[in-house]
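Following: one structure in structure tokens, then a few remarks.
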Number of protein chains: 2
Amino acid sequence: MKSRIETDGYGRKKVIDACMEPCAIERGMRIIGGKWTGSLIYHLKDGPVRFNDLNRLLGGATKKMIDQRLKELEARGMVLRTVINDRPIAVTYELTELGRSALDILEDLRLWSEKYDIR
Amino acid sequence: MKSRIETDGYGRKKVIDACMEPCAIERGMRIIGGKWTGSLIYHLKDGPVRFNDLNRLLGGATKKMIDQRLKELEARGMVLRTVINDRPIAVTYELTELGRSALDILEDLRLWSEKYDIR
DNA sequence: CCAACAGGTATAAATAGTATACCTGAAATA
DNA sequence: TATTTCAGGTATACTATTTATACCTGTTGG
């Protein structure tokens, strides 16, 4: 059942079958469109990064936000968390294949933002 | 001044020049990544749509949200609002060129969501 | 007349994000 | 030795955004 629109003689359009649950765009946005999520993924593109480094790279997001987003992404299998050292504790985060699969979209978004000088 | 990361002998990475303001990804996300914004733009891809039809197409977003998002997009020059009739009032919203320029990203996002079955 | 639709607005409640401070343990600095 | 700094977070309180619900003015259809 696809939602569609019909047009009357006045150029007015009417919906025929509205999608009653979030469509693919909305579902996708809720993953990579959360505040700071896209940036987070993008900053992991070149390999593992440590927690506090992500915090600095995103300058503006709080640790709590970084932490929360990383946990969400980990739970979705987009990011892998690895403890590389106890004493002193050291943790890295890196993209999984699924995480990498979102990079093209983010790269296009970056180019779009720059091209149209989005502020 | 580009932010970059240096690696030490343990595979740990350190940030060299953190970007202190939202980077392009983040700026872009704040436009098309707002809740319902992407869907809204996407549903305008085939031409003008009326307010209440958008409301139905997005089933789940409230009129207030639709209204607010449309005003944001209008203010950014991504959407054009046209009163096509007084008595009875009729209004349509359509994408401007700038609005259209975001469609490719949204289409890729839709394909990504579907391919990886994002819920 | 009455209900339904158009395009919204008002109010309150729930959810999301921010600012700030703090914790444990190790190591570098004074 | 004492203090500060860093690691990787957590706790608390506050602000902003989003949601749910109801309502408004005016027009049309039954």
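Note that the structure is predicted; figures quoted are calculated from it, not measured.
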Check I25(B) against S39(A) and note the closest heavy-atom contact, atom names and distance. CG2-N, 3.7 Å

Heavy-atom pair with the smallest gap, counting every atom of T96(B) and G77(B): OG1-O, 2.5 Å

Find the distance [X]:[atom1] to [N]:[atom2] and express it as a whole number of Å.
| X | N | atom1 | atom2 | answer |
| --- | --- | --- | --- | --- |
| Y93(A) | dA7(D) | OH | P | 13 Å |
| N55(B) | dT21(D) | CG | P | 14 Å |
| L58(B) | dT19(D) | CG | P | 11 Å |
| R81(A) | dA7(D) | CZ | P | 15 Å |
| I89(B) | dA6(C) | CD1 | P | 12 Å |
| L54(B) | dA6(C) | CG | P | 12 Å |
| K35(A) | dT15(C) | NZ | P | 19 Å |
| M29(A) | dT18(D) | CE | P | 13 Å |

Less than 3.5 Å apart, any donor N or O on the side chain of E26(A) or Y42(B) sitting next to an acceptor on the other? no

Closest to the side chain of W36(A), out of dA7(D), dG8(C), dT18(C), is dT18(C)

Quick one: does L106(B)'s side chain get under 4.5 Å of M29(A)'s, heavy atoms only? yes

Could you check if a side-chain atom of D108(A) sits within less than 4.5 angstrom of a side-chain atom of D104(B), using non-hydrogen atoms only? no

Are the side chain of R110(B) and the backbone of A24(A) linked by a donor-acceptor contact shorter than 3.5 Å? no

Near DNA chain C, under 4.0 Å by heavy atom, which residues of residues 61-77 of chain B? K63(B), K64(B), D67(B), K71(B)

Could you give the side-chain donor-acceptor pairs of residues 65-73 of chain A under 3.5 Å, partners two or more places apart or in another chain?
residue: D67(A); atom: OD2; partner: K71(A); partner atom: NZ; Å: 3.1
residue: R69(A); atom: NE; partner: K35(A); partner atom: O; Å: 2.9
residue: R69(A); atom: NE; partner: T37(A); partner atom: OG1; Å: 3.4
residue: R69(A); atom: NH1; partner: E72(A); partner atom: OE1; Å: 3.3
residue: R69(A); atom: NH1; partner: E72(A); partner atom: OE2; Å: 2.8
residue: R69(A); atom: NH2; partner: K35(A); partner atom: O; Å: 3.4

Any side-chain N or O of R50(A) under 4.0 Å from OP1/OP2 of dG8(D)? yes

Determine: side-chain N/O of R56(A) to OP1/OP2 of dA7(D), distance under 4.0 Å, yes or no. yes

